[in-house]
Amino acid sequence: MDNPFARFAGTRTIQADLSLLEENYVPDSFPHRENQINEMVTILSSILRGSRPSNIIVYGKTGTGKTSTTKYVTKMLMEAANNVSVVYVNCEIYDSPYSILVAIANSAGEEKIPELGWPIDRIYRETLDRVERTGKFFIIILDEMDRLIKKSGGDSLYVLLKLMTDVDSVRVSMIGITNDTTVLENIDARIKSRLNQESIVFPPYNASEIKDIISSRLEKVLGSDVVDQTAINLCAAIGAQEHGDARKAIDLMRIAIEIAIRENRNKITENEIYEARERYEMNVIREAISTLPLHSKIVLLSAVVTQEIEPNSVITGEIYENYRRICDDLGFSPLSPRRISDLLTELADYGLLMMDDRNMGKYGRTRSFSMVHQAETIKKYLLEDENLSMFKSSKMPKQTRFDT
DNA sequence: ACTCCACAGGAAAATTGGGGTA
DNA sequence: TACCCCAATTTTCCTGTGGAGT
């Protein structure tokens with residue numbers, strides 16, 4: 001038998017530092033974002049003259065460079081002025097007034113404040129204290145700011161505004177990043193007016209812009225002749241299709257390079273990109289499935305099972321019957337048919353199932369469902385859930401409720 | 001034309017789960 | 001600890017419906 005390590009030995013054909021293509025890596029050049037950078041620099045530059053800059057709201061879809069650009073500009077600002085401190089807060093994680101204050105205080109001070117336990121006003125005073133003591137300008141970046149507002153309304157913003165005005169000689173300002181252009185419409189008018197923000201818009205990239213971005217990113221990663229131009233074009237085209245998403249394009253390129261390295265290929269062509277896209281989509285599906293609530297998972301599993309035993313009637317009622325059996329089997333108490341009907345609608349909305357109206361005339365009207373993806377794949381990902389791992393399809397009866 | 005199946009999907013009531021409070 | 005409150009989830013109850021069968 002051949003030594004299984006043989007194909008990994010010898011010199012690798014491709015050398016690449018893939019960390020430069022990771023999602024959170026901040027590059028040092030931003031093709032086609034010169035205007036946005038200039039705007040931001042202009043606004044923030046008032047710090048150099050000793051006055052507080054306006055608050056900034058950055059709008060743009062995912063993958064348009066909002067976060068990276070903001071991080072880059074603020075980093076440059078920190079280098080140019082030594083009295084600036086930048087706090088990056090991802091509101092997906094820190095989504096309450098409390099946790100944001102903690103994040104600020106912790107970056108401003110020596111000792112960590114516990115994530116839980118202190119009353120909010122004590123945290124507030126502590127934060128205020130620390131900010132004043134440093135004597136620095138604070139710029140607070142609120143990434144995914146829309147999350148914050150959806151979760152706690154304007155409360156969190158209000159606290160921040162209060163912080164801005166309570167600090168002597170106003171030394172705090174914020175940059176909000178969002179992909180939802182309507183965020184500010186839903187908050188209190190008083191808060192809105194006090195924000196006195198300027199907005200910067202990041203429009204989607206088109207294909208040729210994404211092409212430039214990929215090329216410029218690749219320069220530092222690997223040699224120029226390793227990646228086919230056609231591969232870059234394909235990546236760019238896919239990214240442009242997805243609302244001008246440069247991040248997806250870069251992700252695809254990174255995965256493609258990973259594949260090439262692992263398979264010991266010496267070139268990245270359109271094929272590698274197609275493979276990368278497949279893997280990417282798989283991960284999306286897997287992620288979508290793994291975050292589903294328990295009963296949605298069982299319903300989806302039931303849909304798969306129903307298709308296996310009765311491919312022609314993957315119908316609400318059938319799915320429900322099987323759902324009940326599976327719940328029985330696994331020891332969960334089933335939800336009502338009405339609820340399952342809604343869960344099925346949700347699954348269809350998520351794109352995990354295809355939904356069709358089906359009219360059987362005398363025999364009623366219902367909805368029929370079919371798999372969008374390979375049933376085996378779906379099942380595999382579903383069974384990764386420890387609650388469902390005990391499921392054995394052999395236990396499922398081979399008949400439907402119609403035969404007896 | 002009328003019936004009737006097998007649901008869809010709206011509305012409201014009921015349950016559940018977390019947190020606060022006396 | 002017992003109780004209450006609030007919101008989210010789920011159930012109960014309901015009316016509506018397109019077309020094959022008659």
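Below, chain A is the first sequence line, B the second, and so on; all start at residue 1.
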Q | Nearest-0.5 Å distance that lies between atom CD in A:Glu272 and atom CD1 in A:Ile257 | A | 10.5 Å
Q: Round to the nearest Å and state the distance from A:Leu335 atom CG to B:dT16 atom P.
A: 12 Å
Q: Please state how far atom OH in A:Tyr320 lies from atom P in B:dA6, giving the value in whole angstrom units.
A: 17 Å
Q: Please state how far atom CG in A:Asp342 lies from atom P in B:dC7, giving the value in whole angstrom units.
A: 15 Å
Q.
Expressed as a whole number of angstroms, how long is the span from A:Arg324:CZ to C:dT11:P?
A. 13 Å
Q: Tell me, please, whether A:Tyr205 has A:Arg33 positioned over its six-membered ring: NZ or CZ under 6.0 Å from the ring centre and within 45 degrees of its axis?
A: yes
Q) Below 4.0 angstrom from OP1 or OP2 of B:dA8, is there any side-chain N or O of A:Ser341? A) yes
Q. Does C:dT11 have OP1 or OP2 sitting under 4.0 Å from an N or O in the side chain of A:Ser336?
A. yes
**Q.** Carboxylate-amine/guanidinium proximity below 4.0 Å for A:Asp28 and A:Lys220
**A.** yes
Q. Roughly how many Å is it from CD1 in A:Ile319 to P in B:dA6, rounded to a whole number?
A. 16 Å
Q | Whole-Å distance separating the CD1 atom of A:Ile315 from the C1' atom of B:dC5 | A | 12 Å
Q: To the nearest 0.5 Å, tell me how far A:Arg277 CZ sits from A:Lys248 NZ.
A: 7.0 Å
Q | Presence of A:Thr316 side-chain N/O under 4.0 Å of B:dA6 phosphate oxygens OP1/OP2 | A | no
Q: Under 4.0 Å from any atom of DNA chain C, heavy atoms only: list the residues of residues 348-357 of chain A that qualify, in numerical order.
A: none
Q. Angle class for the A:Tyr72/A:Phe30 ring planes (parallel below 30°, perpendicular above 60°, tilted otherwise)?
A. tilted
Q: For the residue pair A:Tyr59 and A:Asn179, confirm or rule out a side-chain donor-acceptor distance under 3.5 Å.
A: no
Q. Of the non-hydrogen atoms in A:Ile200 and A:Gln36, which two are nearest, and what is the gap between them?
A. CG2-CG, 3.8 Å
Q. Would you say A:Met253 and A:Val227 make side-chain contact, with heavy atoms under 4.5 Å?
A. yes
Q. Atom CG of A:Leu294 and atom C1' of C:dT10: how far apart are they, to the nearest Å?
A. 15 Å
Q: Quickly work out the A:Ile340 CD1 to C:dT12 P distance and round it to whole Å.
A: 13 Å
Q. side-chain hydrogen bond (donor to acceptor under 3.5 Å, both in side chains) with A:Thr62: which of A:His243, A:Glu242, A:Arg247?
A. A:His243
Q.
Strictly under 4.0 angstrom, non-hydrogen atoms only: write out the protein contact profile of nucleotides 13-22 of chain C, one letter per nucleotide from the 5' end, B, S or -.
A. ----BBBBS-
